[in-house]
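The first residue in the sequence is number 1, and the count goes up from there.
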Amino acid sequence: MTGPIEDYALLSDLETAAMVGRNGSIDWLCLPRFDSPACLAALLGTEDNGFWRIAPVGGGPCTHRAYRRDTLILDSVWETPTGSVRVTDFMPPRAGLPCLVRMVEGLSGTVSVRSELRLRFHQGRVVPWVREVGPCVVAVAGPDAVWLGDEGRMRGEGGDGSLVREITVPAGRRLALTLVWAPSHRPAQPAPLALPAETALKETGDFWRRWTARCTYEGPWRDAVVRSLITLKALTYAPTGGIVAAPTTSLPGTIGGERNWDYRFCWLRDSTRTLTCLLGSGYDEEATAWLDWLVRAVAGDPADLQTVYGVHGQRLLPETEAPWLPGYEGSRPVRFGTSGTRAFQLDVYGEVIDTLWHSLRAGIPMPAHVWELVESLMGFLERHWQEPDQGLWQTRGPRRQFVHSKVMAWVAADRALRIADVLGHTEPLGEWRVMREEVHRQVCRHGWDAAQGSFVQSYDAPDLDASALLMPRLGFLPARDERVRGTVRALRGLRNGGFVRRYGQGRPGVSGGDGLHGREGTFVSCSLWYADALAATGHPGQAREAFERVLAVRNDVGLLAEQWDPASGRQLGNAPKAFSHIALVETAFALSPPRGPGPAVP
């Protein structure tokens, strides 16, 4: 059995990621990229689907663990009756092939430690051919080869391709086990195996400490902000600048249910908040790289704008199911790829143009072809903004007139006009002004429910939606407007245990009319939006309380999944979730005394 979602810590080399549990087992690893097939997939199945555990003989969770300060280097310590031992896990930022290093060090007494590696290529189902090559062991299946080197020699055991080694570790002894992926057609031992592990450890620590030193946040929650920023950096695909929503797939929003999605891709929904979060925190290079990825990804016919793209900007991300994987705690189906590419979402047009506006405002130059992109996107919106869509949450039910989608159409027109003003363009501003005014009137007429005193999820319907909390931040209405204050009051109805759901639960068995069964947990990002809205509407004490409630449900190493279930006290959904950590940084800036620019707002 895998552990709770919150038991897992993240390792990353800025191109892929591994998830390691408190029991010392790496249960998720995709090589060589975030979106590659998994070669360790026990997280979504059983040990037969691939894992690598290093722990004292007899197993059990570690006594305590922590990232080394301002790094992504994880130390896990076991206190046993015969002594104590530490396992240090890290992935050096890539300079060629992906590499994962696990160092074992005796701290006191003598401890017997067992390393067991069971590789399963192609999403946890293909048993590799394992053989010795010089001082290393190599496992091969199809296009993939994984090389393992250590100071001794791991042996095969059980006929299932497992590689096992038991080590007696006295105090002061240190040894390293190194795993390297390479294309299987390369016959030579990969160069990273020749790099001393101590050198790799020092270089990795230096990299992360130099990076975190650039953080400009100096408020009362600096440790939480830095950990969130490190997580965002870890989810960045360095070659292109794209940031994946999470490094995992199919961790469920409802245990045992069907709300299981692949988040190893880049959503336009997150673009503006990602950019402003990075810019406000002092990471201009990362923000520029993200913007460059965004412009390349959305180039082309605006009618073909997708909600989600691959890390290289690729558009084809076919959704398939993996029936050989039983799913996390029986949550099926397990999905790879996403059908979200086919969703029609008007809000993404606003997200893209808002991102371009914030980048221009921050001093990032806007080439002529990017202005042409703005004109093209606005031309499409002028013709189609009144159509129903699938909304911010990509509902799988029928299209509707979602209020947030219309608000983002207003944002698109508003930001396009601002960009035009800065760049000195005069056409076609009249049409955009007319559109902006008409969208605003329509939302205030059909998106407002006088009986509840609140904006709602879709036109002329009573369901509430947490996205309405973003209205003041987006500049659609000022926070002092009584309609905003009424909406914040009404959205208390979406709270559960002090946290906020995305939308109303709807009729039994189906949540919010989204076409799916099962009731999901509360959303971390929505709970943080609520804290922001409380602060904006003059309730700083309640806002701080709401924020610190979210901080309290981070796991022991500071990570947040997509959702939190107050009833079971568990994290739910894919983890760690970029959007949750982006919202955490934004809220920390919003609630901290002003010392710097912080994430930009309209």
Item to check | Flag for Arg165-Ser115: side-chain donor and acceptor within less than 3.5 Å | outcome: no
Item to check | Geometric class of the Tyr309/Trp293 ring pair [parallel <30°, tilted 30-60°, perpendicular >60°] | outcome: perpendicular
Checklist entry - So which of Leu74, Leu117, Leu175, Ile26 actually passes side chain to side chain contact (heavy atoms under 4.5 Å, CB included) with Arg102? => result Ile26
Checklist entry - Does Thr212 reach the main-chain N or O of Arg209 with its side chain, forming a donor-acceptor pair under 3.5 Å? => result yes
Checklist entry - Hey, mind stepping through Trp267 and Tyr263 against ring pair (Phe, Tyr, Trp, His ring centres under 6.0 Å) and telling me if it holds? => result CA-CA 9 Å; Trp267 264 260; Tyr263 277 8; 5.4 Å; yes
Checklist outcome for this item: Scanning both residues in full, the closest heavy-atom pair of Ala197 with Val101 reads CB-CG1, 4.2 Å
Next on the checklist: Taking the side chain as everything from C-beta on, heavy atoms only, tell me whether Arg94 gets closer than 4.5 Å to Thr16.
Outcome noted: yes
Checklist entry - Will you find, in the side chains of Gln394 and Thr307, an N or O donor that is under 3.5 Å from an N or O acceptor? => result yes
Next on the checklist: How about CZ on Arg222, more than 12 heavy atoms from neighbouring residues, nucleotides or ligands closer than 6.0 Å, or not?
Outcome noted: yes
Item to check | All side-chain hydrogen bond (donor to acceptor under 3.5 Å, both in side chains) counterparts of Gln571, not counting sequence neighbours | outcome: none
Checklist outcome for this item: What one should report as the nearest heavy-atom pair of Leu235 and Ala245 is CD1-O, 4.3 Å
Next on the checklist: Quick one: does any side-chain atom of Asp223 pair with a main-chain N or O of Val226 as donor and acceptor, under 3.5 Å?
Outcome noted: no
Checklist entry - Excluding sequence neighbours, so at least two apart, what forms ring-ring contact (aromatic ring centres under 6.0 Å, His included) with Trp78? => result none
Checklist entry - So, Trp261 and Asn574: side-chain donor and acceptor under 3.5 Å apart, yes or no? => result no
Checklist entry - Taking the side chain from Thr249 and the backbone from Phe336, do they hold a donor-acceptor pair closer than 3.5 Å? => result no
Item to check | Evaluation steps, ring pair (Phe, Tyr, Trp, His ring centres under 6.0 Å), between Phe523 and Trp393 | outcome: CA-CA 12 Å; Phe523 262 58; Trp393 308 119; 5.8 Å; yes
Checklist entry - Looking only at atom types and distance, does a side-chain atom of Glu79 sit under 3.5 Å from a main-chain N or O of Thr63, one as donor and one as acceptor? => result no
Item to check | Donor-acceptor pair, side chain of Trp324 and main chain of Gln123, under 3.5 angstrom | outcome: yes
Checklist entry - From Leu72 CG over to Asp89 CG, what is the distance, rounded to the nearest 0.5 angstrom? => result 10.5 Å
Checklist entry - Can we say Arg22 and Asp556 salt-bridge, meaning some charged N sits less than 4.0 Å from an Asp/Glu carboxylate O? => result yes
Next on the checklist: Using a strict threshold of under 4.0 Å (side-chain N to carboxylate O), is an ion pair present between Glu166 and Arg114?
Outcome noted: yes
Item to check | Exceeds 12 heavy-atom contacts within 6.0 angstrom, atom CZ of Arg69 | outcome: no
Checklist entry - Should Arg259 and Glu562 count as an ion pair when the cut-off is N to O under 4.0 Å? => result no
Checklist entry - Can you check whether Arg33's main-chain N or O pairs, donor with acceptor, with Arg264's side chain at less than 3.5 Å? => result no
Checklist entry - Considering all heavy atoms of both residues, which atom of Ala18 and which atom of Leu29 are nearest to each other, and what is their separation? => result CB-CD1, 3.8 Å
Item to check | Verdict with supporting geometry, Val585 and Tyr217, side chain to side chain contact (heavy atoms under 4.5 Å, CB included) | outcome: CA-CA 9 Å; Val585 174; Tyr217 177 79; over 6 Å; no
Checklist entry - Which class fits the ring pair Tyr237 and His312: parallel under 30°, tilted 30 to 60°, perpendicular over 60°? => result perpendicular
Item to check | Salt-bridge criterion met for Asp75 and Arg68 (N-O under 4.0 Å) | outcome: yes
Item to check | With Ser228, the side-chain hydrogen bond (donor to acceptor under 3.5 Å, both in side chains) member among Glu586, Arg554, His581 | outcome: His581
Checklist entry - Would you say Val146 and Phe121 make side-chain contact, with heavy atoms under 4.5 Å? => result yes
Checklist entry - So does Arg296 have more than 12 non-hydrogen atoms from other groups sitting under 6.0 Å from CZ? => result yes
Checklist entry - Do the side chain of Thr522 and the main chain of Trp564 share a donor and acceptor less than 3.5 angstrom apart? => result yes
Checklist outcome for this item: Tested for side chain to side chain contact (heavy atoms under 4.5 Å, CB included) against Trp28, the lone hit among Thr248, Asn49, Leu40 is Thr248
Next on the checklist: One pair to check against side chain to side chain contact (heavy atoms under 4.5 Å, CB included): Asp270 and Ile243. What are the steps and the verdict?
Outcome noted: CA-CA 9 Å; Asp270 306 352; Ile243 300 177; over 6 Å; no
Item to check | Ser108 side chain to Ser84 side chain, donor-acceptor N/O pair below 3.5 angstrom | outcome: yes
Checklist outcome for this item: Rounding to 0.5 Å, atoms CG (Leu44) and CD (Glu329) come to a distance of 11.5 Å
Checklist entry - What distance separates Gln306 CD from Arg315 CZ, expressed to the nearest 0.5 Å? => result 5.0 Å
Checklist entry - Donor-acceptor pair, Asn555 side chain versus Leu559 backbone, under 3.5 Å? => result yes
Checklist entry - Which pair of non-hydrogen atoms, one from Arg227 and one from Gly558, has the smallest distance, and what is that distance? => result CG-O, 3.8 Å
Checklist entry - What's the spacing between Leu177 CG and Leu100 CG if we round to 0.5 Å? => result 10.5 Å
Checklist entry - Quick one: does Val113's side chain get under 4.5 Å of Ile54's, heavy atoms only? => result yes
Checklist entry - Counting distance only, does the side-chain N/O of Ser331 pair as donor-acceptor with the main-chain N or O of Gly327 below 3.5 Å? => result no
Checklist entry - Is it true that the side chains of Ser580 and Ser525 contain a donor and an acceptor less than 3.5 Å apart? => result no
Checklist entry - How long is the gap from CZ on Phe90 to CD1 on Ile73, to the nearest 0.5 Å? => result 6.5 Å
Checklist entry - So, Ser25 versus Asn23: side-chain donor-acceptor pair below 3.5 Å or not? => result no
Item to check | Working for side chain to side chain contact (heavy atoms under 4.5 Å, CB included), residues Glu520 and Leu572 | outcome: CA-CA 8 Å; Glu520 62 190 11; Leu572 296 174; over 6 Å; no
Checklist entry - If you round to the nearest 0.5 Å, how far is OH of Tyr328 from CG of Asp27? => result 10.0 Å
Checklist entry - Thr236 side chain to Leu232 main-chain N or O, any donor-acceptor pair under 3.5 Å? => result yes
